[in-house]
Structure formats: C-alpha cells, structure tokens
Protein chains: 4
Amino acid sequence: MAYRQTNKVMEKLQSKKKEILTAAREVFAENSYQRTSIKAIAQKAKIATGTFYLYFRNKDALINMIVEEMFYELLESIRNERANFSDGFDKLQASMETCIKLFIKEKNMAKILLVQVPGVNNAFNAKLIDIENELIKLTKEDLDELKSQGRIPNEDTFVSALAFVGSFRQVIINWLREGKPEDLEVSVATLMKYNLRGMGKRDVS
Amino acid sequence: MAYRQTNKVMEKLQSKKKEILTAAREVFAENSYQRTSIKAIAQKAKIATGTFYLYFRNKDALINMIVEEMFYELLESIRNERANFSDGFDKLQASMETCIKLFIKEKNMAKILLVQVPGVNNAFNAKLIDIENELIKLTKEDLDELKSQGRIPNEDTFVSALAFVGSFRQVIINWLREGKPEDLEVSVATLMKYNLRGMGKRDVS
Amino acid sequence: MAYRQTNKVMEKLQSKKKEILTAAREVFAENSYQRTSIKAIAQKAKIATGTFYLYFRNKDALINMIVEEMFYELLESIRNERANFSDGFDKLQASMETCIKLFIKEKNMAKILLVQVPGVNNAFNAKLIDIENELIKLTKEDLDELKSQGRIPNEDTFVSALAFVGSFRQVIINWLREGKPEDLEVSVATLMKYNLRGMGKRDVS
Amino acid sequence: MAYRQTNKVMEKLQSKKKEILTAAREVFAENSYQRTSIKAIAQKAKIATGTFYLYFRNKDALINMIVEEMFYELLESIRNERANFSDGFDKLQASMETCIKLFIKEKNMAKILLVQVPGVNNAFNAKLIDIENELIKLTKEDLDELKSQGRIPNEDTFVSALAFVGSFRQVIINWLREGKPEDLEVSVATLMKYNLRGMGKRDVS
DNA sequence: CATGAATGAGGCTTCATTCAT
DNA sequence: TATGAATGAAGCCTCATTCAT
C-alpha cells in the first residue's frame with residue numbers, strides 16, 4: 001500500500017519534472033542559457049518559480065539534465081539504428097541519417113546542443129563534448145573496421161572521424177542559423193558522398 | 001607641465017587600449033562573453049573598472065572590436081596567402097593552412113572564435129558568424145571555379161564548402177579542447193587529403 | 001499550501017506598494033530626486049533593494065506615480081471644493097483654501113511639490129509643472145468669468161492668475177522653509193484679501 | 001618686484017576663475033546641477049578637468065560661488081536702483097523692475113536661480129533662500145514705511161511682501177519655462193498694478 | 001600652473017535562490 | 001507540495017576627484 005502510494009507520488013513527481021524539462025527546452029532554444037531566467041521557464045511550465053527548486057537543485061542542474069537527456073536520446077537512437085547494419089559504410093550512414101532526422105524532428109534539441117549552450121560554461125561544454133566525443137568514437141570504430149578490411153586507405157582514422165562529424169555539424173549549424181541549405185535531406189545525401197569519397201571509399205557515384 | 005600631445009602620448013594611449021584588448025582576449029578565452037565581467041578584464045589589465053570606459057564605450061564595443069580585429073587578422077592573412085596561388089586546389093590549401101597556422105600562433109583567438117561562442121542572440125555572435133560565412137564564401141568560390149574547370153564533379157558546392165570548413169573546424173576544436181590530434185600540422189595534411197578526395201579531385205595520393 | 005489569490009493577498013500587495021510610496025515621499029521630501037537612491041527608499045520602507053523592483057518598473061515609474069497621486073489628490077480636492085460655489089471669488093477662495101489645508105495636512109507633499117523641485121529636464125518636473133499649470137488654468141477661468149461679469153477690471157487675467165498662484169506659493173514655501181508665517185491659516189486670510197484687491201475686486205474690507 | 005609679480009599672478013588666476021564661472025553658468029543654465037559634469041564645464045571653459053580643481057575646491061564650491069555672485073549682482077543692482085528713489089511705492093517698483101531687467105539681460109542667471117538649482121541640495125537652497133529672504137526683507141521695509149505713513153492699510157506686511165515677491169517669481173518662472181507671457185515688460189506693468197492694488201494703494205489706475 | 005588619464009565609490013537594475021505561508 | 005514575494009549579491013556604468021607627468 002505504502003509502496004504503491006510512493007510509486008504514484010514518484011510518477012507524479014517525475015511527470016512534473018518532465019514538464020519542466022520540456023518547457024525549459026523550449027525556452028533555451030529561443031534564448032541562450034544566460035539570458036534564460038528561471039522565471040521564464042517557470043511561466044512556460046505553468047508553475048511558480050519556487051516550485052522549480054523542488055525539482056531541480058538549481059539552474060545548472062537543469063541544464064545538466066537537459067543535456068544528459070539529449071545525450072541519451074541522440075546516442076541511443078544512433079546505436080539502435082546502427083544495430084540494423086553490419087557493413088561499416090552502412091553504419092556510418094545510419095549514424096548520420098539518424099542524427100539529422102532527430103535534429104529535424106526536434107529542432108530545439110539541435111539549437112540547444114549546437115547553438116545555445118556552447119560557450120556558456122565549461123561544465124556544460126564538458127557534457128556537450130562528451131556527446132560529440134562519443135559520436136566521434138563510434139565513427140572512428142567504423143573507420144577502423146573498414147580500414148582493417150582494406151576498404152579504405154591506411155590513414156589516421158581519428159582525423160577522418162573528426163572530419164566526418166565536423167562536416168555534418170557545420171551543415172546542420174548553417175541550416176539552423178541561416179536556413180541554408182534549404183532542403184537538409186538532399187544536402188545530407190551530397191554530404192554523405194563527399195565524406196565517403198573523403199574516407200577513400202572506392203566507386204562513389 | 002602640460003602633457004605634450006606628442007606621438008609618444010598617443011602611442012601610450014593606443015598601447016593601453018591594446019593591453020586592455022589583450023587582457024580581454026585572455027579572459028574571454030577562458031570564460032564566455034556573458035560570464036566575463038568588466039571587473040575581471042580590468043583586473044587582468046591591471047586597471048580600475050572605470051578606466052575601461054575611457055577606452056571603450058561599453059562592454060559590447062569591446063567585444064565588437066575584438067571580433068573585428070580577429071576578422072581582419074584572420075581573413076586578411078588568408079587573402080594574402082591565397083594571392084600567391086592561382087590554382088583552385090592550391091588556394092583552398094593555402095586558406096586552411098594559413099588559418100591553422102594563425103590559430104596555433106594565437107590560441108586565444110581560436111578559443112574565442114571556436115569555443116567560447118556565446119548564445120546566438122547578440123552582436124558578438126553575429127560577427128563570428130560573419131567570419132565563418134566569409135570563409136565559407138571564399139571556399140565556395142574556389143570550388144565553383146574548379147567545377148567550371150571540370151576538375152571536380154558537378155555537385156552542390158555550398159555543401160562541399162560547408163563540409164570543408166566544418167571538418168577543419170572540428171579538428172581544431174578537438175585539438176583545443178582535448179589536445180588531440182597532438183601534431184596538428186601532420187593531421188592537417190591528412191585532413192586536406194580527406195577533403196580533396198571528398199570534393200572529387202582525381203588522383204589524390 | 002499555495003497562496004490563496006484572495007482579496008487579502010491582493011490587499012497586502014497593494015498596501016506594500018503604498019508603504020513604499022509613503023517611504024519614498026518621506027525620502028524625497030528630504031532630498032531631491034537625483035540625490036534620493038533606491039537604496040535609501042528601500043531602507044526607509046524596510047525592504048531589500050530588489051524588492052522595490054517588484055512594485056515599480058524603475059525609479060522613474062515611482063516618481064511618476066508619486067506625482068500623479070499628488071496631482072490627483074490636490075486637483076481633485078480643489079475641484080470638489082470649488083463645486084460647492086458658483087461665485088467666481090468664492091471659487092478662487094475655495095481653491096486656495098483647499099490647497100493650503102491639504103498642504104498643512106500633508107507637509108511632505110508640499111515639500112516635494114514646492115521645495116524639492118529638481119532640475120527642469122526630467123519627467124518628474126514636467127509633471128509638477130502640469131499641476132501648477134492646471135491650477136493656473138483654473139484660476140484664469142475664474143478670473144475670465146469675473147471679468148466678463150464686469151466684476152474686475154479689464155486686465156490680462158493670465159498675469160493675474162500667475163500672481164495669484166505665485167503669491168500663495170511663496171507664502172507656503174516660506175512657511176515650509178522658515179516656519180514663518182507661524183499661523184498659516186490667518187496669513188492665508190490676509191493673503192486672500194491682498195489678492196482680491198489685486199484683482200480689482202471692489203469693497204474689499 | 002616680487003610683489004608686482006604676485007599681483008599679476010593673482011589677476012591671471014582671478015581671470016581664469018572668472019572664465020570658469022562664466023562657462024559653468026552657461027552649462028548649468030542648460031542642465032541641472034546633478035546632470036552637469038565637471039568635464040562639461042571644463043570643456044566649455046577650454047581647460048582640462050584637473051585644472052578646474054586648481055580654482056575650486058570641488059563642485060559644491062563652484063555652485064556656491066555662482067550663487068553668491070548672483071546674490072551680489074542681483075541685490076547690488078536692486079539696492080543701487082532703489083537709492084534713486086525715496087517714495088516707498090517707487091522703491092518697490094524700482095526693486096522689481098531692476099530684477100526683471102537683470103533676468104531678461106541674463107537669462108542664464110534667472111534659469112539657474114529659479115529653475116535649475118532649487119531642489120538640488122539643501123546647502124544651495126540655503127543660499128537661494130538668502131537671496132529671496134533679502135528681497136522679501138527689502139520689500140517688507142518699504143511696506144512698513146508705507147504703513148507707518150498711512151498710505152496702505154494696517155495689515156501684516158510680511159505676508160504682503162511674500163505675496164509681492166511670489167507673484168513676480170511666478171511670472172518670471174512661467175516666462176522661462178513656457179515662454180508665456182511673451183512680452184515680459186508689459187506683463188510686469190500689469191503685475192505691478194496688481195500688487196499695488198493688493199497692498200492697498202489708493203487710486204491705482 | 002596645466003593636463004587628462006586613472007581611480008573607485010556609488011547608483012540603477014537583474015535574477016538565482018530562499019522562505020513564510 | 002506549491003506559491004510567489006522577498007532577498008541581496010553582482011553586473012554595468014557614471015563621474016567627482018586625484019595624481020603622475
């Protein structure tokens with residue numbers, strides 16, 4: 001009895017926390033971290049400012065959790081999608097396509113991860129860097145596999161991995177900031193070819 | 001006796017302004033714009049807070065000048081170096097090599113331009129974006145030239161330009177943040193090859 | 001439990017605002033606008049500096065409200081009292097007597113309106129001038145009526161109105177500053193006779 | 001030799017001090033005391049800010065001296081002019097006409113005495129009040145004389161003196177602030193009649 | 001004497017966080 | 001738990017005054 005009660009309370013608490021997180025994402029996507037006030041988030045979440053502190057120790061804890069959530073969402077999606085493929089090139093392609101699709105679907109997420117939060121605070125940067133590093137690591141693993149299979153030249157796969165991730169990052173940022181390229185999906189195909197050639201894949205159309 | 005309004009005095013004033021700019025660059029390289037206080041800059045420059053305002057109208061004017069200086073330093077260097085070459089591929093290579101060399105020489109500049117990018121909604125960031133866009137534009141021009149010469153495939157050069165710039169950006173950022181790749185100059189050569197292949201240049205070693 | 005958004009809460013807020021206004025009036029009565037700091041007002045009102053900004057957008061908004069309140073209090077009292085009379089001379093007398101009575105009752109108000117007038121270039125002063133002008137306008141209307149009735153000579157009623165208001169102003173100011181004349185009410189009677197004669201009323205005792 | 005040298009130096013110093021005072025008057029007439037910076041005065045006087053402090057202990061000392069100068073100029077003019085008359089009414093008229101003429105000639109003086117400085121600071125107010133009180137005292141003396149001669153009714157001459165001065169003050173202030181009455185000299189004649197009647201003079205036209 | 005750069009206290013305002021209800 | 005008023009530290013900027021030249 002007491003147990004179920006607690007569970008229910010926990011659920012309720014969790015759901016309220018989720019609501020705040022959702023509201024916070026929206027507000028952060030518009031303004032930068034520093035320019036976003038707790039009051040604004042609370043208003044968006046339709047709670048009082050004080051209530052915010054029942055769910056988060058402070059502002060930093062909030063942004064931390066947001067980034068961690070995104071970390072999870074993004075990398076989990078990528079890992080799941082990659083699991084459907086065994087070929088290195090396919091896995092690379094799957095990684096990026098998943099990433100792009102998620103960003104298109106959740107533009108706020110892209111804005112926060114790529115535009116708003118960077119530069120705010122070394123602690124958050126560290127989290128963001130974790131995500132990026134994880135993505136780079138995955139990419140490098142694929143490249144190493146392809147290299148060991150002799151399907152790409154014997155080059156520094158770390159640099160290639162950075163180039164791969166960086167090129168996508170730039171295209172997405174530009175799309176977020178300037179709205180160009182207009183059709184991100186088409187551009188991603190071009191970009192993929194660019195990178196496959198860059199890695200040294202033979203017979204790219 | 002009165003100050004003699006000689007060159008000496010003027011130089012001293014200019015040099016003081018430079019000192020403040022240098023101090024500000026150092027502080028900005030560590031913290032973001034929003035988290036950098038005038039007080040901190042003044043302390044670094046060993047002046048009183050009020051003195052800052054003798055040299056800059058306000059905080060925004062300072063950051064504006066810093067970024068404009070960097071804009072000038074970076075793009076002027078690149079343009080100068082590019083002028084030595086007529087071949088499109090050579091110009092692309094010259095662009096990036098100059099950029100990298102400058103960043104190695106002036107690490108704070110790289111940190112400010114690439115890492116401490118603050119939230120999107122201010123003049124500071126707008127200027128930074130200008131720099132990036134200018135670099136992308138230059139790259140695209142080279143690619144368009146190469147395309148018209150039939151030396152690279154008929155693909156969206158805007159996307160290629162973004163990929164090119166983005167891949168370098170990522171490598172430099174990683175070097176700044178993690179110290180890897182350790183030997184940036186060597187990696188840049190690899191990266192260049194990656195990109196040349198990516199663009200579709202034939203016979204890249 | 002949540003605050004109940006009852007009348008009680010609202011009243012409390014309003015009363016707090018009133019308290020701040022009262023404190024501000026007291027401080028302004030001692031020092032001029034420019035020399036009055038928010039901190040001083042907050043201390044007088046026994047609140048923190050930040051609390052002030054929960055009730056007023058900024059310093060100007062406060063002074064605006066203070067003067068508008070006074071504008072309302074003073075002119076409304078005068079208009080109400082005048083409504084009891086139809087004779088021009090009676091209305092003039094009613095105007096000034098009401099004014100004097102209010103100033104005796106609310107000495108701070110008199111001090112702010114008459115003594116702490118700050119430099120000309122701000123909104124505060126503009127409002128104060130509005131009050132004075134309104135009073136002059138009312139006086140002029142009475143004089144015009146009397147003139148059209150042939151009860152005072154055919155002279156420039158604007159000048160007379162200024163003289164009328166100015167003479168009262170001077171007496172009150174002197175009373176505020178020097179405590180003389182000691183018995184303001186008696187002096188006001190004398191002053192009234194002075195002005196009635198000045199206007200050209202016949203048979204003033 | 002040394003003596004003459006010193007004298008010369010003193011003269012020069014005095015003349016520079018005068019220049020600063022003149023500049024300060026101009027600046028104060030435009031902006032209020034608080035909004036007038038030493039830098040602005042120095043610029044108007046074509047000296048360096050530091051130089052200001054060679055001639056005045058501080059900003060307060062400057063305004064003090066300005067007001068004292070005006071005190072002297074105004075009251076001395078009035079006293080001189082009054083010396084030409086022996087009749088009480090003539091002396092009253094001479095007082096005010098001199099005052100008005102001086103204010104018309106030196107509008108800055110009027111602005112400073114009547115509009116800018118009041119309310120700034122109790123210390124300056126005190127000086128201003130001295131001037132006003134002196135004027136009131138002179139007026140009262142005339143009225144007392146007239147009363148003892150039986151030429152005006154047996155009323156409180158202090159109140160009459162206040163009314164007299166206050167009515168002029170109001171007209172001048174209105175002229176400074178609003179530009180009305182347009183022709184001050186004509187209005188002053190009307191005003192004089194108003195006051196003569198007010199005092200109880202017989203046979204005012 | 002003159003200069004004007006330098007100083008730093010102090011003013012206004014914002015906002016993360018606390019706390020009485 | 002929920003509320004939102006209250007707090008006060010901290011930031012930006014101004015300006016009277018000082019001081020090295």
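Worth knowing before you read on, the calculation uses all heavy atoms, side chains too, and leaves out hydrogens, waters and symmetry mates. The sequence lines fix the lettering, A, B, ..., with proteins before strands; numbering per chain opens at 1. Predicted, not measured: the structure shown is a model, and the values here were computed from it.
Distance A:F56 CZ to E:dA16 C1': 15 Å, rounded to the nearest Å. One atom, NZ of B:K39, and another, P of F:dG11, lie 7 Å apart when rounded to the nearest Å. Remark: P of F:dG4 and CD1 of A:I38 are 16 Å apart, rounded to the nearest angstrom. Following rounding to the nearest Å, C:L54 (CG) and E:dA16 (C1') show an atom-to-atom distance of 13 Å. In this structure, B:Q34 places its CD atom 15 Å from P of E:dT14, rounding to the nearest Å. The nearest whole Å value for the distance from the CD atom in D:E19 to the C1' atom in E:dC1 is 14 Å. Per the geometry, CG belonging to B:N58 stands 17 Å off P belonging to F:dG11, to the nearest Å. Separating the CD1 atom of D:I41 from the P atom of F:dC15 is a distance of 12 Å, rounded to the nearest angstrom.
Out of E:dT17, F:dC13, E:dC1, the shortest distance to the side chain of D:Y55 is found at E:dC1. Comparing E:dC15, E:dT7, E:dG4 by their nearest atom to the side chain of D:A48 picks out E:dG4. Among F:dT17, F:dC13, F:dT7, the nucleotide with an atom closest to any side-chain atom of B:K59 is F:dC13.
Taking the side chain as every heavy atom from C-beta outward, B:T49 and B:I41 never approach each other to under 4.5 Å. Between D:K16 and D:I47, the closest side-chain pair of non-hydrogen atoms falls below 4.5 Å. Using a 4.5 Å heavy-atom threshold, the side chains of C:K127 and C:I131 count as separate. For the pair A:F71 and A:L113, the minimum side-chain heavy-atom distance is 4.5 Å or more.
Nearer to the 5' terminus of DNA chain F, by closest-nucleotide assignment, is the contact made by C:F52 (compared with the other of B:T36 and C:F52). Across the interface with DNA chain E, nearest-nucleotide mapping of D:T49 and C:T49 shows D:T49 to be the residue nearer the 5′ end. DNA chain E is contacted by both B:G50 and C:Y53; B:G50 maps to the nucleotide lying nearer its 5′ end (nearest heavy atom per residue).
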Secondary-structure notation, DNA chain E, from Watson-Crick and G-U pairs under 3.5 angstrom (| other strand): .||||||||||||||||||||
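Contact between the side-chain N/O atoms of B:T51 and the OP1/OP2 oxygens of E:dT7 is found at a separation under 4.0 Å. Distances shorter than 4.0 Å separate some side-chain N or O of C:K16 from OP1 or OP2 on F:dA6.
The side chain to side chain contact (heavy atoms under 4.5 Å, CB included) test with B:R25 singles out one residue from B:M109, B:K44, B:K111, and that residue is B:M109.
Remark: side-chain polar atoms of A:K59 are paired, donor with acceptor, to backbone N or O of A:Y33 under 3.5 angstrom.
Judged by the 6.0 Å distance and 45° axis criteria, B:K17 is positioned over the aromatic ring of B:F56.
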